[in-house]
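For clarity, every value in this text was computed on a predicted model and none was experimentally measured. Protein chains get the first letters and strands the later ones, always in sequence-line order, with residue 1 at the start of each.
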Amino acid sequence: MYRTIQQSLLARIQAILLAKYDITLTQLAVEQPPSIAMGELALPVAFELAKRLRKAPRAIATELAAELTAELAAGQPELQGIASVEIAGAGYLNIRLDRTAAVRRSAADQHADIGGPGFRLIEHTSINPNKAAHIGHLRNAILGDTFQRLLRKDDYKSGYEVGVQNYIDNTGVQVADVVVGLVHLEGKTLGSTRELLTELMETSTRIDYYCWDLYARVSQWYTATTDAAELAARKQLRLDTLHALETGSNETAEIADLVSTAVLRRHLETMERLGIEYDFLPRESEILSLHFWDAARTLMMERGVLYLETSGKNKGCYVMRRAGAEAQVIGSDAPDEDAKVIVRSNGTVTYVGKDIAYHLWKFGLLPGKDFGYERFHEYPTHTCWISTAGPVTEPQPPTFGKADAIYNVIDSRQNDPQTQVVQALRGMGFTDAADRYTHFSYEMVALTPRCAMDLGYTVSEEDQKRAYIEVSGRKGFGVKADDLLDRLIAAAKAEVDTRHPEIAETERLSTATQIGIGALRYFMLRFTRNTVIAFDFKDALSFEGETGPYVQYAIVRAANIFRKAGTTAEESLAAMATLDLGAALDVEEGSSLWETWLLASKLTLVIEQCISTAEPAYLAKYAFQLAQQFNNFYHRHHVLNETDPARKTLLLATAAVAQREMVRALGYLGIEAPPVM
RNA sequence: GCGCCCGUAGCUCAGCUGGAUAGAGCAUUUGGCUUCGAACCAAAGGGUCGGAGGUUCGAAUCCUUCCGGGCGCACCA
């Protein structure tokens with residue numbers, strides 16, 4: 001509702017500026033006055049124009065206010081919902097809304113739409129399938145999943161077509177390391193690996209946990225010898241194993257496939273606990289076996305992005321110039337030593353090369369290449385597909401490439417490689433694709449030294465002085481996602497048990513689960529993307545203050561009002577259509593009510609802001625502020641004790657609108673509202 | 001050495017395209033449950049927005065420089 005009014009107001013002002021001063025301003029700032037008593041919107045536009053018109057801001061504001069006031073009086077339809085315009089401060093244009101009209105529109109759930117044409121591809125999670133997911137992976141998956149919810153079509157908005165991909169690097173060194181561990185440290189064969197998987201399954205031991213320890217053990221084993229020959233042999237073993245995985249069709253590759261697929265299934269389980277689902281799992285093994293790279297290489301050569309280096313340190317490699325390096329290299333005979341190697345002198349492709357091929361596919365720019373598709377996992381409402389090399393057996397295989405825009409949720413340490421992929425696209429003339437490529441970058445989750453020591457890790461004196469310590473799968477250093485989730489749910493369960501001994505165990509558990517997940521998802525979303533999260537159990541396990549459970553609790557309180565009043569939120573809102581509001585919203589005491597309505601009407605504005613800045617944290621902040629606003633309202637107005645029936649209707653509707661928008665906001669954050677807590 | 005990010009209350013963080021008195025949570029102190037549930041609310045204390053210049057009517061926000069911290073800069077993935 002709020003966004004609708006704001007949009008048409010700005011359009012109107014732009015028209016006036018054009019007519020009156022012959023000025024076009026594409027960006028018009030909108031702020032909120034320091035106090036609601038001064039109006040709902042504040043426009044600093046007069047300051048902006050002061051210099052261009054060589055006039056005092058206040059004089060310009062006076063002219064604009066006069067113009068707008070005249071149009072208001074004339075009933076200009078674009079200014080619908082606005083009550084008055086006045087000048088404030090040194091030249092602000094403060095706008096007052098027609099509160100009664102605004103409340104009616106909100107009650108009727110009128111709001112601006114969000115969405116557009118085109119297919120948007122989001123890649124997130126992408127955990128190497130060789131170990132358990134940890135808190136860093138949780139941040140990735142929760143960010144990606146939340147953003148996906150903001151974009152996708154739903155009951156509230158028309159949205160965009162969205163595909164969610166989880167890229168699986170099943171042929172990389174990390175998987176190779178675990179295979180080395182199984183084969184050379186534990187003496188496993190293909191057969192005994194199968195037996196191990198069965199045994200783990202039967203004892204409900206998590207395979208990803210098993211690999212977590214094994215991976216750490218192998219990483220250490222590689223360097224745990226003083227014998228130079230042995231050291232070299234171990235290194236070679238690692239390379240040979242990696243090579244076997246990349247080649248495929250051998251026993252080593254089969255072991256890798258067995259283990260990585262089992263771990264992948266565990267990752268999907270972990271994420272499903274958090275309400276995170278995927279549409280497609282493209283695997284590196286198919287990118288290799290379907291020769292995506294060959295097609296990409298041809299294209300890159302044709303377009304002059306890739307060239308053979310004939311001298312210098314990169315002699316014999318196919319290389320690509322880095323961004324911004326063109327100027328200094330062109331016209332020079334010397335080799336570009338700073339160039340990025342894409343194909344090694346032994347003919348193998350680097351990571352960036354494979355990534356370029358993959359991204360060409362994402363945009364539908366890789367001629368004649370597509371994955372085979374196979375059903376991998378069934379969610380209640382849809383199928384998760386996985387890539388295959390074989391012919392398509394499904395009658396109607398899905399389409400996942402050919403995206404109009406892509407978002408890659410990848411941590412900020414990958415900034416350089418991501419830039420190189422974009423650079424390659426741009427260099428090949430795919431500027432449109434390059435422009436629609438968003439590296440959804442975020443900072444890592446690290447452990448505070450205290451947290452690391454609590455977990456039993458030895459922390460060096462030097463590390464103890466640091467603010468945080470980076471987690472490391474290689475060292476087995478970190479907090480596993482499932483462990484954290486288990487702890488959160490257990491903590492919530494203990495609380496629910498004491499508060500609600502009267503309800504059934506299964507319901508207590510499901511409520512505790514919703515609270516635990518709410519706490520976790522909110523915790524990962526409350527920080528803006530480029531803030532390093534220094535993880536600490538004390539903060540993450542908190543259910544008070546700025547947390548997910550705080551918002552959930554506000555919703556439960558609202559729900560209790562309707563339950564005891566013998567009505568519903570929907571009925572309460574419907575009653576607003578005919579209610580004579582009188583001056584209830586204007587008096588000082590009524591302001592608290594109006595502020596609730598106003599804030600509740602800003603959801604679409606906030607979502608739009610989250611999408612355009614790729615920053616879900618704003619929505620988390622908004623959900624919390626709305627809950628705070630509601631709690632304040634809750635204490636100031638005792639709804640059920642209200643004797644004036646008209647006023648009671650208004651109070652009920654106020655609680656209802658706050659509840660409706662809190663539930664929606666939490667929904668986009670992937671957090672459910674429990675019935676009790 | 002080069003590139004990117006960060007530095008705001010005791011702690012953890014917001015502060016969007018420059019705007020009115022820099023805000024939350026936690027912690028501390030105090031007050032509030034016979035009430036629609038206190039996982040809550042109210043109040044108090046707590047700030048040279050890392051330092052110094054500059055642009056501007058106006059700077060936490062933009063520019064320059066310095067200081068402090070983090071992360072990247074492979075024929076590893």
Novice: Please state the P separation for the pair U34(B) and G15(B) - nearest whole angstrom.
Specialist: 41 Å
Novice: Roughly how far apart, to the nearest Å, are C67(B) and U28(B) at atom C1'?
Specialist: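 That atom pair is separated by 32 Å.
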Novice: Where the side chain of H359(A) meets the backbone of D355(A), is there a donor-acceptor pair that is under 3.5 Å apart?
Specialist: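 Flag set: sc H359(A) to bb D355(A) pair under 3.5 Å.
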Novice: Should the ring pair F537(A) and F535(A) be called parallel, tilted or perpendicular, given that the plane angle runs from 0 to 90° and is split at 30 and 60?
Specialist: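 Correct class here is perpendicular.
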Novice: So L242(A), base contact, sugar-phosphate only, or nothing? Heavy-atom distance under 4.0 Å.
Specialist: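 Contact class for L242(A): none.
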Novice: Both distances below 3.5 Å, Watson-Crick or wobble geometry, any strand: find the nucleotide opposite G37(B).
Specialist: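 When the pairing criteria are applied, nothing turns out to pair with G37(B), so the answer is none.
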Novice: I'd like the P distance from A52(B) over to A14(B), given in whole Å.
Specialist: 24 Å
Novice: Determine the Euclidean distance between corresponding P atoms of U65(B) and G1(B); express it in Å to zero decimal places.
Specialist: 14 Å
Novice: Taking only side-chain nitrogens and oxygens of T350(A), does any of them come within less than 4.0 Å of OP1 or OP2 of C75(B)?
Specialist: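 The answer is no; no side-chain N or O of T350(A) sits under 4.0 Å from OP1 or OP2.
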Novice: So among Y618(A), Y550(A), Y553(A), which one has a ring-ring contact (aromatic ring centres under 6.0 Å, His included) with F624(A)?
Specialist: Y550(A)
Novice: If you find the nucleotide of RNA chain B closest to K340(A) and the one closest to V352(A), which residue's nucleotide is nearer the 5' end?
Specialist: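 The residue mapped nearer the 5' terminus is K340(A).
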Novice: V173(A) has a side chain; which of G72(B), C4(B), A77(B) sits nearest to it?
Specialist: A77(B)
Novice: Take atom CD of E31(A) as the centre, draw a 6.0 Å sphere, and report whether it contains more than 12 heavy atoms from other residues, nucleotides or ligands.
Specialist: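 Yes, because the 6.0 Å sphere around CD of E31(A) holds more than 12 heavy atoms from other groups.
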Novice: Across all strands, who's sitting opposite U56(B) as a Watson-Crick or G-U wobble pair, both distances under 3.5 Å?
Specialist: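 U56(B) is paired with nothing.
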Novice: Answer with base, sugar-phosphate or nothing: what part of the nucleic acid does A56(A) contact at a heavy-atom distance below 4.0 Å?
Specialist: nothing
Novice: If the sugar-phosphate is the primed atoms plus P, OP1 and OP2 and the base is the rest, what is the B/S/- string for nucleotides 24-37 of chain B, using protein heavy atoms under 4.0 Å?
Specialist: SSS-----B--SBB
Novice: Could you give the distance separating C57(B) and G51(B) at their C1' atoms, to the nearest angstrom?
Specialist: 26 Å
Novice: Looking only at N and O atoms, is any donor in the side chain of N631(A) or the base of A39(B) less than 3.5 Å from an acceptor on the other one?
Specialist: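 Such a pair does not exist between side chain and base.
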Novice: Rounding to an integer number of angstrom, what distance separates U61(B) and G18(B) when you compare their C1' atoms?
Specialist: 6 Å
Novice: Would you classify F527(A) as touching base, sugar-phosphate or nothing, given that sugar-phosphate means primed atoms plus P, OP1 and OP2, and contacts are heavy atoms under 4.0 Å?
Specialist: sugar-phosphate
Novice: Give me the distance, rounded to whole Å, that separates A9(B) from U64(B) when you measure between the P atoms they each carry.
Specialist: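 Result for the P pair: 25 Å, nearest Å.
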Novice: Taking atom types as they are modelled, is there a donor-acceptor pair under 3.5 Å from the base of C5(B) to the side chain of S412(A)?
Specialist: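 Between C5(B) and S412(A), which were checked side chain against base, a qualifying N/O pair under 3.5 Å is absent.
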Novice: Of all the nucleotides listed (A20(B), A77(B), A39(B)), which has the minimum atom distance to the side chain of P33(A)?
Specialist: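 The nucleotide sitting nearest to the side chain is A20(B).
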Novice: Taking OP1 and OP2 of C6(B), is either one under 4.0 Å from a side-chain nitrogen or oxygen of N530(A)?
Specialist: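 Yes, within the criterion.
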Novice: Looking at every strand, decide which applies to N94(A) at a 4.0 Å heavy-atom threshold: base, sugar-phosphate, or nothing.
Specialist: base
Novice: Check RNA chain B against residues 608-617 of chain A and give the residues with a non-hydrogen atom under 4.0 Å, in numerical order.
Specialist: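 Residues of residues 608-617 of chain A under 4.0 Å from RNA chain B: Q609(A).
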Novice: Looking at A20(B), G72(B), G70(B), which one has an atom nearest to any side-chain atom of M38(A)?
Specialist: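 Closest nucleotide among those given: A20(B).
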Novice: Would you indicate which nucleotide in C75(B), G70(B), A39(B) comes nearest to any side-chain atom of R466(A)?
Specialist: G70(B)
Novice: Round to the nearest Å and state the distance from M444(A) atom CE to G70(B) atom P.
Specialist: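 Taking atom P of G70(B) as the reference, CE of M444(A) is at 10 Å.
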Novice: Which nucleotide wins on minimum distance to the side chain of K354(A), given the candidates A77(B), G72(B), C75(B)?
Specialist: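 Minimum distance to the K354(A) side chain belongs to A77(B).
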Novice: Taking the same atom, P, in G37(B) and in A24(B), what whole-Å distance lies between them?
Specialist: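 Comparing P positions in G37(B) and A24(B) gives a spacing of 28 Å.
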Novice: Do Y167(A) and I287(A) touch side chain to side chain, with heavy atoms closer than 4.5 Å?
Specialist: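 Contact flag for Y167(A)/I287(A) side chains = yes.
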Novice: Measuring from the side chain of N632(A) (C-beta onward, heavy atoms only), which nucleotide among C75(B), C5(B), A42(B) has the closest atom?
Specialist: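 Of all the options, the side chain of N632(A) is nearest to A42(B).
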Novice: Output all residues satisfying salt bridge (Lys or Arg N to Asp or Glu O under 4.0 Å) with R499(A), sequence neighbours left out; order by chain, then residue number.
Specialist: E495(A)
